[in-house]
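Below: the structure, in structure tokens.
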Amino acid sequence: MSDADALTLTGFRDSVYTWSVRWALAEMGLAHGYVEVNPFEGQAVRGHPFGLVPVLRHGDFSLYETAAILGYLDRVQAGPRLTPADARRAARMAQVMSVTASQVYWPLVRQVYSNGFYLPMEGQVGDAAVLRAGLAQASVALGALDVVAQEGLVLRGDALTLADLMLAPMLICFARVPEGAAMLAGFEALAAWLERMRARPHLRATVPPCLRKEESHG
Ligand SMILES: N[C@@H](CCC(=O)N[C@@H](CS)C(=O)NCC(=O)O)C(=O)O
């Protein structure tokens, strides 16, 4: 690959959004460089005006926002497209990606997973009230996504789309907290879809270090 074609991902090893892009790159068979930055410790993220990860560079082109990065990779890759050609499936995919960013990330990842798993794993005390607030909000998002999984246009288990790539890492993190796992089990179509995602070799190969013990072998 020439410099003009080189792909470089800037991310943080335990970030769910970074995981989505790493999983996408693996599914698409795209070779890439990787730069590790921890924005949670105040490290500057080159190419991101809001100081977040991930950022993708492709030659002299720089891109941030995970949904945009996934869509771009899907267009430059040589394999089968992960954006459906069918208008309704494509719209449902975009809807799920938007709901993931707006309704899933904060309550399920930043409130439940961070306080129920990640901070304790780091030897810090999670905030139980924040965790409870996240759980209360989570059921609304999970219910909406379960309806989508039942419908079967996307979140199918077969026919991978960009929605799978964006949502599954967040739900895997959420389910690492016992209360999250119990709640998710009540949404049967969504839980069945997630089990099929968990079995994908490229997902397993890109599991972040903080989750690796059980996720990549279990
Ligand atoms: N809307 C952004 C969100 C990215 C994001 O929130 N990334 C987290 C890591 S998973 C981050 O960099 N957080 C740093 C911080 O909150 O200071 C995207 O889709 O890429």
Side-chain angles (χ1 to χ4, degrees), residues 7-28 30 32-58 61-76 82-83 93-122 124 126-127 130-131 133-134 137-138 141 145 154-155 161-177 180 194 197 203 206-212 215:
L7 283 167
T8 305
L9 173 65
T10 296
F12 170 54
R13 62 182 183 278
D14 293 335
S15 143
V16 284
Y17 283 115
T18 300
W19 183 9
S20 287
V21 178
R22 293 185 60 234
W23 178 21
L25 288 160
E27 290 283 352
M28 296 171 184
L30 293 169
H32 61 281
Y34 179 74
V35 177
E36 171 77 5
V37 175
N38 186 346
F40 294 100
E41 287 182 352
Q43 293 176 4
V45 184
R46 190 169 164 244
H48 205 306
F50 309 113
L52 305 174
V53 292
V55 177
L56 181 80
R57 275 197 82 80
H58 189 197
F61 178 64
S62 180
L63 186 64
Y64 59 88
E65 285 297 315
T66 303
I69 292 171
L70 295 177
Y72 178 76
L73 289 174
D74 194 30
R75 284 182 168 270
V76 300
L82 301 187
T83 301
M93 181 192 87
Q95 182 186 15
V96 169
M97 293 171 82
S98 186
V99 166
T100 300
S102 64
Q103 308 294 333
V104 173
Y105 176 65
W106 199 264
L108 280 75
V109 177
R110 294 295 291 271
Q111 293 188 294
V112 175
Y113 167 73
S114 292
N115 288 284
F117 178 82
Y118 193 78
L119 291 175
M121 180 203 69
E122 297 259 283
Q124 298 177 48
D127 186 325
V130 173
L131 193 157
Q137 250 191 289
L145 292 164
V154 296
L155 306 183
T161 76
L162 303 181
D164 299 298
L165 295 170
M166 198 149 157
L167 179 62
M170 295 195 193
L171 294 194
I172 288 172
C173 288
F174 177 71
R176 191 48 73 89
V177 178
L194 190 62
M197 292 299 106
L203 177 139
T206 53
V207 166
C210 59
L211 297 176
R212 198 161 283 163
E215 206 59 48

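Indexing begins at 1, ligand by ligand and atom by atom, following the structure's order.
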For this session: Could you tell me whether a side-chain N or O of S114 sits under 3.5 Å from a main-chain N or O of Q111, the two making a donor and an acceptor?
Result: no

Seminar exercise, completed: For L63 and A68, the nearest pair of non-hydrogen atoms, with its separation, is CD2-O, 3.5 Å

Exercise. For R176 and Y113, what are the C-alpha separation, side-chain angles and deciding distance, and is it a side-chain hydrogen bond (donor to acceptor under 3.5 Å, both in side chains)?
Worked result: CA-CA 7 Å; R176 191 48 73 89; Y113 167 73; over 6 Å; no

Exercise. Is the Y105 to Y17 ring centre distance short of 6.0 Å?
Worked result: yes

For this session: Find the distance between CD1 (I172) and CG (L108) and round it off to the nearest 0.5 Å.
Result: 13.0 Å

Exercise. Is it true that a side-chain atom of H58 and a backbone atom of L56 form a donor plus acceptor pair closer than 3.5 Å?
Worked result: no

N/O pairs closer than 3.5 Å, ligand 1 and protein:
unit_1, atom_1, unit_2, atom_2, d
ligand 1, 1 (N), E65, OE1, 2.9
ligand 1, 1 (N), E65, OE2, 3.1
ligand 1, 7 (N), V53, O, 2.9
ligand 1, 12 (O), V53, N, 3.0
ligand 1, 16 (O), R110, NH1, 3.4
ligand 1, 19 (O), E65, OE1, 3.4
ligand 1, 19 (O), T66, N, 3.1
ligand 1, 19 (O), T66, OG1, 3.3
ligand 1, 20 (O), T66, N, 3.1
ligand 1, 20 (O), T66, OG1, 2.8

